[in-house]
Amino acid sequence: MRIFVIFLSAILVNNFVLQRFLGICPFLGVSKKVETALGMSMAVIFVMVLASVITWFLNSLLEAMGLGFLRTIVFILIIATLVQFVEIFLKKSAPALYEALGIFLPLITTNCAILGLALINIQYQYTLLETVFHAAGAGLGFGLALVLFAGIREQLEFADIPKPFQGLASALITAGILSMAFMGFSGMIRV
Amino acid sequence: MANSIQILKKGITENNPVLIQALGMCPALATTTSAINGLGMGVATMSVLVMSNVVISMIRKLVPAKIRIPIFIIIIAGFVTMIDLLMHGFTYELWKTLGIFIPLIVVNCVILGRAEAFASKNPVIPSILDGLGIGIGFLLVLTALGAVREVFGNGTVFGFTLWGDAFNVFVIILPPGAFITLGLMAGLLNWISISRQEAAKLKEKAKKEQTAKKEGQS
């Protein structure tokens with residue numbers, strides 16, 4: 001039950017983009033088309049689960065050695081290396097998947113949602129199983145927000161927006177309204 | 001001298017990291033629930049930016065181009081860890097409210113962006129100035145955003161009570177308020193720069209007409 005609550009609250013209640021403000025850069029950057037948004041979401045979900053599991057083991061190792069203060073440096077290096085490895089691995093073994101995710105993978109290294117997720121997992125002292133579900137939920141939540149936002153922006157292309165508010169300004173206000181809609185979920189689960 | 005002031009000014013106005021380049025949005029939105037929090041986050045980011053700019057510009061000729069990004073990230077992560085520990089020691093309350101956004105300075109695109117675009121190509125002194133300029137630009141936006149959200153959401157500014165709970169828009173303090181306030185700020189800035197450009201155009205037009213008249217007379 002606890003696992004299900006963690007999973008669902010990561011998708012809806014504590015949505016990574018709209019409530020926690022993690023991963024805003026790709027959220028604003030690759031949300032012009034639904035298709036690219038889908039590709040990006042897939043890549044993020046994939047890397048999030050993988051990175052969470054690896055950083056969970058690494059954290060236990062660091063804690064055991066009393067090197068907790070090195071966490072930030074170690075985690076960012078691991079995530080950067082992991083993304084590189086995933087890219088090389090996919091290129092060799094699953095070219096179709098690589099074609100689909102290819103261009104989004106390098107962008108993920110600087111996505112603060114990945115490092116943020118790894119740090120939140122540690123902060124809440126999740127077990128390994130909880131970590132996996134939290135990561136999957138966070139990734140799905142990111143994807144949901146991104147795809148919804150891309151859908152709205154595709155429609156906004158045809159809207160007659162006053163000149164000063166074109167681009168970034170209107171995108172931010174749209175995100176604000178979407179975030180308000182997601183606040184409706186906050187009564188659902190108490191975490 | 002004039003050149004160095006130029007570098008400083010550029011970071012605050014035309015290269016402003018948040019409002020113009022749309023970099024570093026996550027901390028700008030997440031930590032600005034009050035003016036003090038925005039200021040604290042701004043100062044932390046600025047310190048990391050200046051220090052990493054200094055070191056990267058010092059070693060810029062020794063770093064092989066192919067592995068420069070990992071090296072930059074390690075340098076930045078080192079400074080972030082320092083700031084994290086310092087804030088834990090000296091400003092514990094602020095450290096607690098900013099939470100994971102202090103370690104997340106590592107992935108703030110502003111810092112890696114400046115390392116790549118400026119510090120890795122310029123000597124130390126201009127790099128310090130660039131770091132300061134961009135850092136101040138970041139800090140000003142965060143403080144302003146924090147102050148606006150605090151005034152309208154909580155009726156206080158920097159902890160001083162303005163009108164208390166009399167007429168607060170509570171949503172401004174909550175996550176949607178961050179998006180909407182920053183959106184309105186960006187829109188306002190665009191509106192100012194567009195109306196300025198139009199005013200400049202009108203002036204030029206008037207000037208041209210005058211000179212044309214003069215030429216006609218002569």
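Residue numbering restarts at 1 for every chain, and letters A, B, ... go by the order of the sequence lines.
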Fill in: A:Met180 versus chain B, the contacting section by heavy-atom distance below 4.5 Å
both
Worksheet item: Side chain, backbone, both or neither: which part of B:Leu23 has a non-hydrogen atom closer than 4.5 Å to chain A?
Response: neither
Worksheet item: Is the ring centre of B:Phe179 less than 6.0 Å from the ring centre of A:Phe21?
Response: yes
Practice prompt. Name the option with the most non-hydrogen atom pairs under 4.5 Å to chain B; the candidates are A:Ala181, A:Gly167, A:Ala169, A:Ser170.
Written response: A:Ala169
Practice prompt. Identify which part of A:Leu18 has an atom lying under 4.5 Å from any heavy atom of chain B, answering side chain, backbone, both or neither.
Written response: both
Fill in: Atom pair OG/CG of A:Ser179 and B:Leu174 - distance to nearest 0.5 Å
8.5 Å
Worksheet item: Should B:Met25 and A:Leu172 count as side-chain neighbours, where that means a heavy-atom distance under 4.5 Å?
Response: yes
Worksheet item: In Å and rounded to the nearest 0.5 Å, what is the CD1 to CD1 distance from A:Ile73 to B:Ile76?
Response: 11.5 Å
Worksheet item: At a heavy-atom separation under 4.5 Å, does A:Arg20 approach chain B through its side chain, its backbone, both, or neither?
Response: backbone
Discussion item. Can you tell me how far apart CD1 (B:Ile73) and CD1 (A:Ile76) are? Round to the nearest 0.5 Å.
Written reply: 5.5 Å
Practice prompt. Answer with side chain, backbone, both or neither: which region of A:Leu168 has an atom nearer than 4.5 Å to a non-hydrogen atom of chain B?
Written response: side chain
Worksheet item: So how far is it from A:Thr72 OG1 to B:Leu85 CG, rounded to the nearest 0.5 Å?
Response: 8.5 Å
Worksheet item: Just how far is it from atom OG1 of B:Thr81 to atom CG of A:Leu70, taken to the nearest 0.5 Å?
Response: 7.0 Å
Discussion item. Ignoring hydrogens, what is the shortest heavy-atom contact between A:Leu115 and B:Pro103? Give both atom names and the distance.
Written reply: CD2-O, 4.2 Å
Discussion item. Tell me whether the count of non-hydrogen atoms from other residues, nucleotides or ligands lying under 6.0 Å of CZ in A:Phe149 goes above 12.
Written reply: yes
Worksheet entry | B:Ile194, part contacting chain A, at a heavy-atom distance under 4.5 Å | side chain
Item to complete: Select, from B:Leu188, B:Leu184, B:Val80, the one with the greatest count of heavy-atom pairs under 4.5 Å involving chain A.
Response: B:Leu184
Worksheet item: More than 12 heavy atoms of other residues, nucleotides or ligands under 6.0 Å from CZ of B:Phe158: is that the case?
Response: yes
Fill in: A:Gln166, CD atom: more than 12 neighbouring heavy atoms under 6.0 Å
yes
Worksheet item: Counting only heavy atoms not in A:Gln123, do more than 12 sit closer than 6.0 Å to its CD atom?
Response: yes
Item to complete: Report the distance from atom SG of A:Cys112 to atom CD1 of B:Ile100, rounding to the nearest 0.5 Å.
Response: 8.5 Å
Worksheet item: Taking the side chain as C-beta and beyond, is there a heavy-atom pair between B:Leu104 and A:Leu22 under 4.5 Å?
Response: yes
Practice prompt. For each of B:Ile180, B:Leu29, B:Asn190, B:Leu19, tally heavy-atom pairs with chain A at distances under 4.5 Å, and name the one with the top tally.
Written response: B:Leu29
Worksheet entry | Contacting region of A:Leu77 [heavy-atom separation from chain B under 4.5 Å] | side chain
Worksheet item: Going by heavy atoms in the side chains, are B:Pro176 and A:Met183 under 4.5 Å from each other?
Response: yes
